[in-house]
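Reading through the structure tokens given below for one structure.
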Amino acid sequence: MLLGLLNNLPQGANDIANGKWEREGNRGEELDGKTIGLIGYGHTGSHFAKKLQGFDVKVLCYDILPDVGDAHALQVPLAVLQQQAEVISLHTPQTPQTIGMINTQFIAAMHHPFWLINTARGSAVDTSALLEGIATNKILGAGLDVLEFESKAFTEVVQQNKTATLDALLKNDKVILSPHIGGWTYESHLRLATVILNKFKAQFHI
């Protein structure tokens, strides 16, 4: 999702579908040389940091727990992450502290224009603030596997009273959307079933 954003792949595919062969207008940026800021450094955050080791990037992480940084990511205060990061990737659970954490104030505190990736929970991003950030070029693009408008069961988009905001998000060519499928693979399904089965066996001494 991040590489697709940096290289304008969705827009390029859309251009070709509409009969355009636009190279210069879809010139991208390389991930190499950038500073990546991970918010939340648990299971998914740390695994993403490992995958980033194939690139020439600096990886920072922020977490409410102390001493979770490792060889793949340097743990820093949030203010330092906002000062240095050019990409923000969210890996947080939904808690009172994380709801709406990417808001107007957070975006304003970012020193660099940045790309935003959210594969955690849709509630972490204030969509109106995101769209404003894109309009002012403070946010260069966003990859959202989860939406603020997503149902609690992750099965549909619930429009409620925010139809205009949702429509603006859907039409924005600087946003990549996917239906909560970041880890939704045949292999992960099998691994999850195996973990549940093993827990069941251990519980009942089978």
Side-chain angles (χ1 to χ4, degrees), residues 1-2 4-5 35-49 59-66 68-69 73 75-184:
M1 185 170 270
L2 176 56
L5 275 179
T35 298
I36 317 298
L38 310 181
I39 298 181
Y41 203 67
H43 182 78
T44 58
S46 60
H47 276 67
F48 184 41
V59 183
L60 306 176
C61 68
Y62 166 75
D63 197 282
I64 60 173
L65 297 177
V68 297
Q75 187 170 6
V76 297
L78 183 60
V80 173
L81 185 142
Q82 290 177 305
Q83 179 72 19
Q84 297 185 22
E86 298 157 283
V87 174
I88 294 290
S89 184
L90 302 182
H91 303 275
T92 53
Q94 180 171 305
T95 67
Q97 291 74 33
T98 62
I99 292 175
M101 68 180 301
I102 307 300
N103 54 23
T104 301
Q105 292 75 24
F106 181 98
I107 295 168
M110 289 292 294
H111 181 73
H112 300 285
F114 68 101
W115 283 269
L116 175 67
I117 303 293
N118 186 14
T119 56
R121 289 292 180 265
S123 62
V125 176
D126 181 329
T127 306
S128 296
L130 167 66
L131 291 169
E132 181 182 354
I134 291 174
T136 59
N137 293 318
K138 191 64 184 283
I139 296 178
L140 301 171
L144 306 177
D145 184 50
V146 288
L147 298 176
E148 182 182 2
F149 311 98
E150 196 172 345
S151 69
K152 291 183 179 179
F154 314 135
T155 56
E156 62 180 333
V157 170
V158 181
Q159 295 195 15
Q160 297 177 344
N161 296 320
K162 298 183 178 179
T163 305
T165 304
L166 177 58
D167 285 347
L169 181 69
L170 298 176
K171 294 173 183 176
N172 197 297
D173 60 10
K174 292 187 177 181
V175 178
I176 297 177
L177 301 172
S178 57
H180 209 122
I181 56 172
W184 202 248

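Quick note: residue numbers are just sequence positions, from 1.
Here CD of Glu150 is found 6.0 Å from CZ of Phe154. Values are rounded to the nearest 0.5 Å. Distance check: Ser89 OG to Asn118 CG gives 8.0 Å after rounding to the nearest 0.5 Å. The distance from the CE atom of Met1 to the CG atom of Leu177 is 7.5 Å, given to the nearest 0.5 Å. For the atom pair Leu60 CG and Leu81 CG, the distance stands at 5.5 Å (nearest 0.5 Å). Note that CZ of Arg121 is 10.0 Å distant from CG of Asp145, once rounded to the nearest 0.5 Å. Atoms CD and CG, on Glu132 and Leu130 in that order, are 10.5 Å from each other to the nearest 0.5 Å.
In this structure, Leu140 and Pro113 have side chains that are in contact, with non-hydrogen atoms separated by less than 4.5 Å. At a threshold of 4.5 Å between non-hydrogen side-chain atoms, the residues Phe48 and Val59 do not count as touching.
Closest approach of Ala73 to Ala49, counting heavy atoms only: CB-CB, 4.3 Å. Heavy atoms only, all atoms of each residue included: Ile107 and Ala129 are closest at CD1-O, 3.4 Å. Scanning both residues, Ala85 and Met110, for their nearest heavy atoms gives O-CE, 3.5 Å. For Glu148 against Val125, the heavy-atom pair with the smallest separation is OE1-O, 3.5 Å. Across every non-hydrogen atom of Gly4 and Ile176, the tightest pair is C-CD1, 3.9 Å. Summarising the geometry of Gln83 relative to His111, their closest heavy-atom pair is O-CB, 3.3 Å, with the distance given to 0.1 Å.
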* Step by step, work out the side chain to side chain contact (heavy atoms under 4.5 Å, CB included) result for Leu147 and Leu169. => CA-CA 10 Å; Leu147 298 176; Leu169 181 69; 3.8 Å; yes
* To do: For side chain to side chain contact (heavy atoms under 4.5 Å, CB included), just list the numbers for Ile39 and Met101, CA-CA rounded to whole Å, side-chain angles, deciding distance to a tenth of an Å, and then say yes or no.
  => CA-CA 10 Å; Ile39 298 181; Met101 68 180 301; 3.6 Å; yes
* side chain to side chain contact (heavy atoms under 4.5 Å, CB included) evaluation trace for Tyr41 with Gln75 -> CA-CA 9 Å; Tyr41 203 67; Gln75 187 170 6; over 6 Å; no
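Checked options Ile102, Ile117, Thr119; the residue passing with Leu90 is Ile102 (criterion: side chain to side chain contact (heavy atoms under 4.5 Å, CB included)).
Taking a 6.0 Å sphere around CD1 of Ile64, one finds it holds 12 or fewer heavy atoms contributed by other residues, nucleotides or ligands.
The backbone N or O of Ala124 lies less than 3.5 Å from no partner atom in the side chain of Thr98, so there is not a single donor-acceptor pair.
The aromatic rings of Phe106 and Phe114 sit perpendicular to each other, their planes meeting at more than 60°, with 30° as the lower class boundary.
If you check the side chains of Thr35 and Gln84, you find no donor sitting under 3.5 Å from an acceptor.
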